Number of protein chains: 2
Amino acid sequence: MARPSRPLLSVPRIAEAALALVDAGGDFTMAALADSLGVRPSSLYNHLAGREEIVEAMRTLVLEQGAKELGSEAVRGPEEAVRLILRSYREAFARHPRIIPLVTSYTVSAPAVMRWYEELADQLTVLGIARDRLLDVITVLDSLVLGAALDLAAPDEVWDRRSTRSALLAAAIAASPPGRERADRAFELGLDLVLGGLVRLATTASAGSSRT
Amino acid sequence: MARPSRPLLSVPRIAEAALALVDAGGDFTMAALADSLGVRPSSLYNHLAGREEIVEAMRTLVLEQGAKELGSEAVRGPEEAVRLILRSYREAFARHPRIIPLVTSYTVSAPAVMRWYEELADQLTVLGIARDRLLDVITVLDSLVLGAALDLAAPDEVWDRRSTRSALLAAAIAASPPGRERADRAFELGLDLVLGGLVRLATTASAGSSRT
DNA sequence: ACCTGAACACCGTTCAAGT
DNA sequence: ACCTGAACACCGTTCAAGT
C-alpha cells in the first residue's frame, strides 16, 4: 500500500499505544508496538529517531495529563498549593506506575515538566523559602515524590514478612494495609512531615533576616 | 579446554565484574560481561539462571558494602542513629549510582537489605514512633532515600536552565552548585526536615496516648 | 511525506559435547 | 561440576523501493 493519503501515525498516537503496552505488560518492544498500531516496525522511524524518543514522548504524555488538573482548584494558601502540586505530580505517575522504571534516568527539559517546577518555585517563594535555598528544597520534594512514585511501581508486598527475624518489623508489616493504600497513606504522612518542616524553615529564616 | 580443575567463576565474581561494567558504561551485556571475565557467555549460565539474577546479585553486593559501616560509629541517640542509617543506605548507592535505574522495581527479601530495615524499625521505636505508624514512616524514609539515590544517577544538569521562562527558577538553577554537591546538600536538608517532623510526631502522639 | 520488506548486527538463552 | 561452540528466536535499526 505504501504511503497512505493521510498519515496512519503521529508521535502522540505512538506514545499512547506504547503507554498502553507498558500499562499492560510493564515494557514494550518496537515489534509489539508496531503491531498494536497496525503497522510495520520500520514505519515508526518516519516519526521518531528510535526507542529512546518514544520513552521521552511517553513521559511528556503522562506529565501533561497530570498538569491539566493543576490550576483547577481553589487554594487557601501557599502550603496547600505546594501540597496540591506534589500530589498531582505523583498522581500522574500513579495512573501509569509501570513507566516509572523506564523514565528515571533523564534530563528535564520538556516544557510540560518545566512548568511544574516553575509553579513549585513560585509557591515556595510565597511560602517564604529563601532564594538561595530554593533549589535544595525543590530537590528534596523531587526526591520524595519520585521515591513515592517508585513505591507505586513496586509489588504489592514490598517487604517479605517471612524474611525477617525481627518480631517488631514482622508485626509492622502484618499490621499495614497492602499495596496502594499503604503507599497513599505514607505519601500523605511524608507531605505532612516535610511541609511542617518547610514552614518552620521559612519562619526561622525570615526571623533571622528581618534586620536586612 | 572444557572444565578447569578449579572453577573460573562464582556469583560474587560475576556480580563484581558486572558492577564494574555498569560503573563505567551505565549498563552491561552478557557478551561484554563474559569477555571481561575471560570466559564465553554460555559459561555464566552454570552459576546463575540469567541476566535478572545478575542484577539481583549486584544489588545485594552494593547493599552489603553499605551495611558494613552501619554499626561502627558511636551514636548519641535514636535520632542520630536514624540519620546514620539513612545516610549509609544512600551512600551505598552513591558509590555506584548507575545501577539505580536497573534496580528500581523491587522485592525486598535479601537478608542484607532486611537487616537495614530491622535496625531502622528498632531506632524509630526508641524515638517514640507508634507501632501502627511504623511502616508508614519507614515507607516515607524509603521514598526519600530512594528518590535521593535516583537523583545521584541523574545527569549533572538535572534541570536545563534555558528551557524555563521563569526568571525565579532560572536564577535558582544558576545559583545552585552542580551535580553531587547540590544532591548532598539537598539530602541533608531532607533529613533535617523529615526528622524534625518525626520528633514532633513522636512527642504529640505519646502526649495524646499518655492516658492509655 | 510516509509505509513497506528485506537485510543488518546484536541481544539473551539453550544444549549437546567435552573433561 | 563447569567451560565450550554452535544454534536459537528475538531485538532495534537502516535503507532502497514504492506511491
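Throughout, protein chains are lettered first and strands after them, A, B, ... in sequence-line order, and every chain is numbered starting at 1. Everything numeric here is computed off the predicted structure, so don't read it as measured data.
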(message) I'd like to know if the side chain of A/T164 and the backbone of A/R161 have a donor-acceptor N/O pair within less than 3.5 Å.
(response) no
(request) Mind calculating the distance between CG (B/L44) and P (D/dG5) to the nearest angstrom? (result) 14 Å
(message) Both atom distances under 3.5 Å, Watson-Crick or G-U wobble: I'd like the secondary structure of DNA chain C as a dot-bracket string, with | for pairs made across strands.
(response) ||.||||.....||||.||
All N/O pairs under 3.5 Å across the protein-nucleotides 14-18 of chain D interface:
| from | atom 1 | to | atom 2 | distance (Å) |
| --- | --- | --- | --- | --- |
| D/dG18 | N2 | A/R3 | N | 3.2 |

(message) Nearest 0.5 Å, please: how far is CG in A/D160 from CE in B/M114?
(response) 6.0 Å
(message) Can you tell me how far apart CG (B/L141) and CG (B/L195) are? Round to the nearest 0.5 Å.
(response) 7.0 Å
(request) Write down the distance between CG (A/L33) and C1' (D/dC11), rounded to a whole number of angstrom. (result) 14 Å
(request) Can you see which heavy atom on A/F187 is nearest to which on A/L86, and at what distance? (result) CZ-O, 3.9 Å
(message) Is it true that A/Y117 and A/D142 share a donor-acceptor pair across their side chains at a distance under 3.5 Å?
(response) yes
(message) If I take atom CD1 in residue A/I14 and atom P in nucleotide C/dC2, what distance separates them, rounded to the nearest angstrom?
(response) 11 Å
(message) Nearest to the B/R40 side chain among D/dC2, C/dC2, D/dG5, which nucleotide is it?
(response) D/dG5
(message) Is the phosphate of C/dA1 approached by A/H47 (side-chain N or O, under 4.0 Å from OP1 or OP2)?
(response) no
(message) From CG of A/L102 over to P of D/dG12, roughly how many Å is that when rounded to an integer?
(response) 12 Å
(request) Using atom CG of A/N46 as one end and atom C1' of C/dG5 as the other, report the distance to the nearest whole Å. (result) 13 Å
(request) Given salt bridge (Lys or Arg N to Asp or Glu O under 4.0 Å), test A/R83 with A/E79 step by step and report yes or no. (result) CA-CA 6 Å; A/R83 267 175 213 271; A/E79 187 185 339; 3.1 Å; yes
(message) If you only use heavy atoms from C-beta on, which nucleotide in C/dC3, C/dT13, D/dT4 is closest to the side chain of A/V39?
(response) C/dC3
(request) Could you tell me whether A/R87 and A/D184 make a salt bridge, using a distance below 4.0 angstrom between a side-chain N and a carboxylate O? (result) no
(request) Give, for atom CG of B/D136 and atom CD of A/E188, the distance between the pair rounded to the nearest 0.5 Å. (result) 11.0 Å
(request) Measure from CG on A/L48 to P on D/dG12 and round the result to the nearest Å. (result) 14 Å
Output a table of donor-acceptor pairs, distance under 3.5 Å, between side-chain atoms of residues 14-33 of chain B and any protein atom two or more places apart or on a different chain; print 'none' if there are none.
| from | atom 1 | to | atom 2 | distance (Å) |
| --- | --- | --- | --- | --- |
| B/D23 | OD1 | B/H96 | ND1 | 3.2 |
| B/D23 | OD2 | B/H96 | ND1 | 2.8 |
| B/D27 | OD1 | B/R51 | NH2 | 3.3 |
| B/T29 | OG1 | B/A32 | N | 3.1 |

(request) Return the value, rounded to whole Å, for the distance between atom CZ of B/R6 and atom C1' of D/dC3. (result) 16 Å
(message) If I take atom CD in residue B/E53 and atom P in nucleotide C/dT13, what distance separates them, rounded to the nearest angstrom?
(response) 10 Å
